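By convention here, the first residue in the shown sequence is residue 1. The structure displayed is predicted, hence computed values, not measured ones.
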Amino acid sequence: MSLSKTSLLRKTLTGSTLALSLLAASVQAQTINLSYNGAPDADKNAVHVFASNLKTLVEEKTDGELELKLYPNSMLGEEQERMEQVISAPSLNIASFAGMAPIVPEVYVSATPFMFDGFDEARRFFDEGQYWQQVQQLFSERTNGAEILAVVEEGGFLAFTNDKRPITSPDDFEGLRFRAMDPSQVALYEAFGASGTPIPWTEVYMALRTGVADGQMNPPMYILLGSLQEVQKYLTLANIQYSDQFLVANGQLLESLSDEERTALLDSVKEANAQARQDNQSQVESRIALLEEQGMEVIRPSEADLEAFRSKGQPAYLEWLKSQDIAPELIDTAMKDAGLSS
């Protein structure tokens, strides 16, 4: 065989080997869907920041063996539909309370108003508390092994907004109509003398614009995300609730991963969450300033005002929790984790 033919054969074999290697790699790569709420906008959606970071980290740590495909804007369905998907099929989903509560109504305990003074207390509650470990266990037992992998911040603490008058105390709620995300928020509004009506996020802007509701509560990030400053005048920074969602993983998906892949996924979740938390907290004040620049009147309640909100809203909410058949022992555990009882 001539030298030229030998060289050509070697090149052909090398090319074939490379092609087979690439084909094998593509066959081995596993694509995992990750669905969540909100636009794919890093400036306005903290959940998207987390999802994007997680995608990058998972693919880096597994050398591309695991790939995440992102589905923002509820592309795979609304909350309950997406929760059904993640329970039944290998996938990931970032769920709000609306998706979680039908399975674990115990999650409402973590939304007790005025439970945390700031980010550090809220993060410690979820990262280290016994209450949250019990909720994770209950969720897994009720979903054939699905797991809550992370509590994902969605933009800070909830603030009240409305277009009727400045709200500086509970008395200012009298007679107002508010959009509620879920029944727990209805209970809180009623404690203040207002009414609450559950309205899906996708309908909030129009409900506020047309007067179906006078106000709502969300963190500054979500106010910007929904352009609610266009239809709301007053912003009350009452640090009502820690604003969060929940990363859920399908049980069969987790079981199908090798030990190395599972470790890489969990490490990526932890790292992406740390990055998203830092990004989120660093932008809270700039988002408030932007809302003020765009015409909202910002009300920062005094300590006395905050105590008035707390003393009226928290007991009423705890009574509502008890009416939901949530074990009193679990509520007590959460209060201890939050430093609200001995």
Side-chain angles (χ1 to χ4, degrees), residues 31-41 44-52 54-55 68-108 110-111 135 139 142-144 146-155 158 177-189 196-210 212-213 215-219 221-228 231 241-253 276 324:
T31 300
I32 302 170
N33 293 343
L34 171 57
S35 57
Y36 54 98
N37 296 315
D41 186 334
K44 295 182 179 179
N45 190 355
V47 174
H48 176 69
V49 172
F50 169 80
S52 299
L54 182 60
K55 172 180 170 62
L68 297 192
K69 187 170 183 179
L70 305 185
Y71 288 90
N73 274 330
S74 304
M75 291 172 62
L76 299 184
E78 295 298 335
E79 287 286 349
Q80 293 193 29
E81 185 178 0
R82 297 198 334 260
M83 184 60 75
E84 290 171 1
Q85 292 169 6
V86 78
I87 291 172
S88 62
S91 58
L92 299 171
N93 176 45
I94 302 176
S96 75
F97 280 81
M100 296 288 291
I103 299 167
V104 277
E106 293 86 354
V107 74
Y108 281 133
S110 69
V135 171
F139 182 84
R142 297 171 186 173
T143 56
N144 195 29
E147 294 185 21
I148 305 171
L149 299 186
V151 176
V152 182
E153 289 181 4
E154 57 174 4
L158 274 65
R177 297 169 298 176
F178 277 78
R179 175 262 177 173
M181 180 178 68
D182 53 53
S184 73
Q185 290 191 352
V186 173
L188 180 60
Y189 289 131
T197 302
I199 298 174
W201 169 249
T202 52
E203 300 174 18
V204 171
Y205 182 92
M206 189 57 65
L208 295 171
R209 182 178 179 181
T210 58
V212 171
Q216 60 88 54
M217 61 177 168
N218 258 306
M221 184 208 76
Y222 260 84
I223 297 169
L224 288 166
L225 185 64
S227 300
L228 303 188
V231 290
Q241 295 166 326
Y242 178 65
S243 180
D244 53 7
Q245 296 190 33
F246 310 93
L247 174 65
V248 177
N250 171 266
Q252 292 178 331
L253 167 65
Q324 304 304 300

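The backbone N or O of Val107 lies less than 3.5 Å from a partner atom in the side chain of Ser110, making a donor-acceptor pair. The closest donor-acceptor contact from the side chain of Gln185 to the backbone of Met181 lies under 3.5 Å. Judged purely by atom type and a 3.5 angstrom limit, Arg179 uses its side chain to pair as donor or acceptor with the backbone of Ile199. No side-chain donor-acceptor contact under 3.5 Å links Asn218 to the backbone of Ile223. The main-chain N or O of Ala46 is never found under 3.5 Å from a side-chain atom of Glu153 such that the two would form a donor-acceptor pair. In this structure a side-chain-to-backbone donor-acceptor pair under 3.5 Å is missing from Asn73 to Met75. Without hydrogens or angle criteria, Gln241 side chain to Ala111 main chain gives a donor-acceptor distance under 3.5 Å. Checked by atom type and distance alone, the side chain of Thr202 never pairs as donor or acceptor with a backbone atom of Pro200 at under 3.5 Å.
Note: Gln216 CD to Leu228 CG = 5.0 Å, rounded to the nearest 0.5 Å. Taken from CZ in Phe139 to CZ in Phe246, the straight-line distance is 10.5 Å, to the nearest 0.5 Å. To the nearest 0.5 Å, atoms CG (Leu225) and CH2 (Trp201) are separated by 5.5 Å. How far CG of Asp41 is from NE2 of His48: 7.5 Å, rounded to the nearest 0.5 Å. Considering CG of Leu224 and CE of Met221, their distance stands at 9.0 Å, rounded to 0.5 Å. The OH atom of Tyr71 sits 10.5 Å away from the CG atom of Leu34 when rounded to the nearest 0.5 Å.
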Legend entry - Stepwise side-chain contact (heavy atoms from CB on, under 4.5 Å) check, Ile103 with Ile87: CA-CA 11 Å; Ile103 299 167; Ile87 291 172; 3.5 Å; yes
Inset, instruction - Could you walk me through whether Ile148 and Met100 pass side-chain contact (heavy atoms from CB on, under 4.5 Å), step by step? - result: CA-CA 10 Å; Ile148 305 171; Met100 296 288 291; 3.4 Å; yes
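Donor-acceptor pairing under 3.5 Å is lacking for the side chains of Arg82 and Asn33. The closest side-chain donor-acceptor pair between Gln85 and Asn250, if any, does not fall under 3.5 angstrom.
Residues Tyr36 and Leu70 form a side-chain contact, since some pair of their non-hydrogen atoms from C-beta on lies under 4.5 Å apart. Side-chain contact check for Thr143 versus Val248: every heavy-atom pair is 4.5 Å or farther apart. Between Met217 and Leu188 there is a side-chain heavy-atom pair separated by less than 4.5 Å. With contacts defined as side-chain heavy-atom distances shorter than 4.5 Å, the pair Leu253/Val86 does not qualify. Using a 4.5 Å heavy-atom threshold, the side chains of Ser96 and Asn37 count as touching. Thr197 has its side chain out of reach of Arg177: every pair of non-hydrogen atoms, C-beta onward, lies at least 4.5 Å apart.
Annotation for Pro102 and Phe97: closest pair CD-O, 4.3 Å, computed over non-hydrogen atoms. When every heavy atom of Ala39 is checked against every heavy atom of Asn45, the shortest pair comes out as O-ND2, 2.9 Å. When all heavy atoms of Gly226 and Tyr205 are compared, the pair lying nearest together is O-CD1, 3.4 Å. The heavy-atom pair separating Met83 from Gly99 by the smallest distance is CE-O, 3.5 Å. Of all the heavy atoms in Leu149 and Ala249, the pair that sits closest is CD1-CB, 3.6 Å. Nearest approach of Ile32 to Ser91, heavy atoms of both residues: CG2-CA, 4.1 Å.
In this pair, Phe178 and Tyr189 present their aromatic rings parallel. The plane angle is below 30°, not in the 30 to 60° band.
Applying the 6.0 Å contact sphere to CZ of Arg209 captures no more than 12 heavy atoms from other residues, nucleotides or ligands. Heavy-atom contacts from other residues, nucleotides or ligands closer than 6.0 Å to CD of Gln324 number more than 12.
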